[in-house]
Amino acid sequence: MQSNLSYRTDIDGLRGLAVLLVLFYHANLDGIPSGGFIGVDVFFVLSGFLITSIIATQVPRGDFAFSDFYARRAKRLFPAFLLVAVITTLLSALVLLPADFTAYTRSLREALHFTSNYHFAEVASDYFAGNAIVRPMTHTWSLSIEWQFYLLFPALLWVLLRWAGQGAALAVVSGLTVLGFGLSLYTLNTQAEEAYFLSQARFFELLIGATLALAWPRFPKAIERLSVLALPALALVLVAAVVYSSQTVFPGWAALWVCLATAVLLVSGAAAPKSPVTRLLSHPALVFFGAISYSLYLWHWPLFALARYIEADTPLMMAALTLLSIALAWLTYRFVEQPARRKPMRGAVVATALFLVPLVLALLLNTQVRRSDGYPERLGPEATAAYHQLQAYDDALNLPDCDANEYPVDNNPCLLGDTDQPMAGLVLGDSHARHFRGFFDTIGKAQGVSFLSGHHVGCMQLEGLVMWKNGRIKRDCQTLSAEYLDAIKAGQFERVYLANLWTNLLRTDRVIFPDEDRIGHITTLLNDTIETILAGGAEPIILRTVPNDGRNVSTCFYRHGDPERCTVEQAGGKHAENQSIINALFADLKARYPQIRFYDPAEVLCHDGRCDGMEEALPLYEDSNHLSTYGARVLAERTLAQEISPFRVADVRTQDNAPVAEAPADKDAEAARESAE
């Protein structure tokens, strides 16, 4: 029976297994274990079980004190975290660009508020997305959830144990666990992208551990019979770590099985101490990693994230950083965690030294960095001057009504160009429609017309397209796309400019395909969209994706400032094959609908297979595939200077569909189609 709080090697071994799954998953996000993120769920169950065991043991004896409980928690968790936070801040100051450094200091502040999970749900949204994996504090989301649980649950449990008894406490906590699981499912349905980070989707996992801790002393024989399931439980955890992926609907049902398996393993360790599973979990290697698991969790992510940020995440580098994380974790455990635990400190001292002072410092740091625009001076005088120039272009664009990620068609204030003049067309698409705001604003002002931007970040807006993310259909994409497509059918627009990251059409993790014929389905999507535009009497114009080879041009600029090193390969990089397929699809589309016109940014950005990433010592891109405001303006000015269709003065001002000469880009597309065939 789990009747005492004596040290158990199998629990440390379970911690070790959990942290290794997380470590190897983060070291190689595209490899095995593709579901290593479940290690965090194992930690949640362990945390709920252990703190409930402590409180449920001490309250009946009359020796539980909140001040002691929180002092122990703080001494256990804060010293190592503060050390890692200081080192991460120094490293971030060396490598992060100004806007990213500002964002980092805010995430540090939120982590010390115990609210970083809600912060990342807001700014990163998708745990598996590119912007989340380069943020040095992303991993603190789980620590925030644990601290929120520590702040809410002990008081409730104390009241129940003190005034209602163990039986009532078990009944209430069991009920909360069931309700919490239902809330997790509800959150997945209503906030699919953010659910991974949200406490309301995760608390049931800690409550499963809490329920086990309360049920075990009351029903020891029934609970201990679960130990016969130890081997299947361990197998379930390991299989989930390999089978689950970023496309698994999570947490919800997928997390429930992992949490229940963890509960079985907790029972088995005490009820069957000599079983093969318990002996395996008590192996010295796993116990070692369990002992350093907290520090290892703290250290590995900032190192990995910063390596990815500077594009140094080669297999060799990630292997080296993995070993470095283990070494730093052992040193932190030996010289920070253990001494801090043993050091006698009063609750007020702990609260002041380990919480209030760091929080105030983080607030001051974030305030100062924000006011100084991220301290661009860190990057040197040339980079500082360039940063302020880019900010000036952003300020000059001055489109406060166009900052949102999407707008409904019947209440869209995002008008670009000469807003007092007639509307020349609708710009429709994902974030690649949004990054053309500066382009269309410049074109419109030069031509004396306006454009309406119907961008929806993360959503390609095509007839019949169903997009999904993390295993959930993006209903908001369908709803807003339908609104705009209905308005197009109703004849509200003379021209429709389609702008997307077109290669995303080929991604099975973004688009739902009815069968294995992806090309056939994409062809149908494109055909149906063009038919809708033509049915509404509008002219369809497709804007090709800006050249990109996967490298972050903005980072290259700030690191090197060399136009030669920061050029972009026109037909290179990791997206080259998919781009060839898209080119072939566009060639077929042009053959089927001769009235379509194409605009290819490569026509004005590229020369002899190389494309400009900089002009006049400023970057044209804000990342690997989105134009900066400056870049969008440069592209517009070059396009106007070269009088490229469909942005010649006559093309924009005359509202007719007169035939025009096929753009050079279509010849490229035809060549690509022949090559693909």
Side-chain angles (χ1 to χ4, degrees), residues 1-15 18 42-81 114 142-143 145-174 176-177 180 202-220 223-224 259 262-263 265-267 269-271 290-291 293-294 337-338 340-347 350-351 354-355:
M1 180 190 301
Q2 174 67 13
S3 59
N4 57 62
L5 300 175
S6 59
Y7 172 73
R8 286 172 47 182
T9 55
D10 64 291
I11 290 183
D12 255 350
L14 197 50
R15 282 196 184 104
V42 174
F43 280 125
F44 282 159
V45 176
L46 290 175
S47 294
F49 175 78
L50 292 171
I51 71 161
T52 304
S53 297
I54 291 170
I55 297 170
T57 300
Q58 292 180 347
V59 169
R61 296 198 311 238
D63 57 2
F64 175 80
F66 284 102
S67 59
D68 292 340
F69 173 81
Y70 286 114
R72 284 196 302 270
R73 290 287 89 198
K75 289 196 295 181
R76 164 77 175 88
L77 300 175
F78 281 166
F81 173 74
F114 314 136
S142 63
L143 305 181
I145 288 177
E146 286 202 28
W147 265 106
Q148 290 162 24
F149 187 79
Y150 295 158
L151 292 173
L152 296 172
F153 184 70
L156 171 64
L157 184 58
W158 180 84
V159 169
L160 291 170
L161 292 171
R162 184 74 182 270
W163 303 108
Q166 291 269 1
L170 174 59
V172 171
V173 173
S174 298
L176 288 175
T177 304
R202 294 288 192 166
F203 271 175
F204 83 92
E205 302 181 31
L206 291 108
L207 288 169
I208 285 174
T211 300
L212 175 62
L214 294 171
W216 199 337
R218 292 187 63 81
F219 308 103
I223 295 295
E224 289 171 8
C259 294
T262 302
L265 293 172
L266 277 170
V267 172
S293 60
Y294 177 61
E337 283 193 66
Q338 288 188 315
R341 288 185 199 179
R342 292 192 294 261
K343 187 175 181 62
M345 296 176 68
R346 290 183 302 170
V350 171
L354 298 182
F355 174 64

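Values in this document were obtained by computation on a predicted structure and should not be read as measured data.
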Taking the side chain as every heavy atom from C-beta outward, state whether [X] and [Y] have any atom pair closer than 4.5 Å.
{"X": "R72", "Y": "I54", "result": "yes"}
{"X": "L156", "Y": "L176", "result": "yes"}
{"X": "F44", "Y": "T262", "result": "no"}
{"X": "Q148", "Y": "F203", "result": "yes"}

Check your understanding: When you look at I11 and L50, which way does the side-chain contact (heavy atoms from CB on, under 4.5 Å) test go after all the steps?
Key -> CA-CA 10 Å; I11 290 183; L50 292 171; 4.2 Å; yes

Take the angle between the ring planes of [X] and [Y] and call it parallel below 30°, perpendicular above 60°, tilted in between.
{"X": "F64", "Y": "F69", "result": "tilted"}
{"X": "W158", "Y": "W163", "result": "perpendicular"}
{"X": "W147", "Y": "Y150", "result": "perpendicular"}

Tell me the closest heavy-atom pair linking [X] and [Y], and the distance in Å.
{"X": "P79", "Y": "A74", "answer": "CD-O, 3.3 Å"}
{"X": "Y70", "Y": "P154", "answer": "OH-CG, 3.8 Å"}
{"X": "I208", "Y": "C259", "answer": "CD1-CB, 3.7 Å"}
{"X": "A56", "Y": "L161", "answer": "CA-CD1, 3.7 Å"}
{"X": "K75", "Y": "R341", "answer": "NZ-O, 3.6 Å"}

Practice item. Mind running side-chain contact (heavy atoms from CB on, under 4.5 Å) on T52 and V173 for me, showing each step along the way? Key: CA-CA 11 Å; T52 304; V173 173; over 6 Å; no

Could you grab the distance from atom [atom1] of [X] to atom [atom2] of [Y], nearest 0.5 Å is fine?
{"X": "W216", "Y": "E224", "atom1": "CH2", "atom2": "CD", "value": "6.0 Å"}
{"X": "T177", "Y": "L212", "atom1": "OG1", "atom2": "CG", "value": "10.5 Å"}
{"X": "R73", "Y": "L151", "atom1": "CZ", "atom2": "CG", "value": "12.0 Å"}
{"X": "S293", "Y": "F43", "atom1": "OG", "atom2": "CZ", "value": "4.5 Å"}
{"X": "L14", "Y": "R8", "atom1": "CG", "atom2": "CZ", "value": "9.0 Å"}
{"X": "S47", "Y": "L143", "atom1": "OG", "atom2": "CG", "value": "9.5 Å"}

Review point. Counting N and O atoms only, with roles assigned by atom type, does the side chain of Q166 sit under 3.5 Å from a partner on the main chain of L214, one being a donor and the other an acceptor?
Key: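 Side chain of Q166 to backbone of L214, a donor-acceptor pair under 3.5 Å: no, none is there.
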
Point to revise | Pair V45-L206, side-chain contact (heavy atoms from CB on, under 4.5 Å): steps then yes or no | key: CA-CA 5 Å; V45 176; L206 291 108; over 6 Å; no

Point to revise | With sequence neighbours excluded, residues passing side chain to side chain donor-acceptor pair (under 3.5 Å) with R76 | key: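 By the side chain to side chain donor-acceptor pair (under 3.5 Å) rule, R76 matches E337.
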
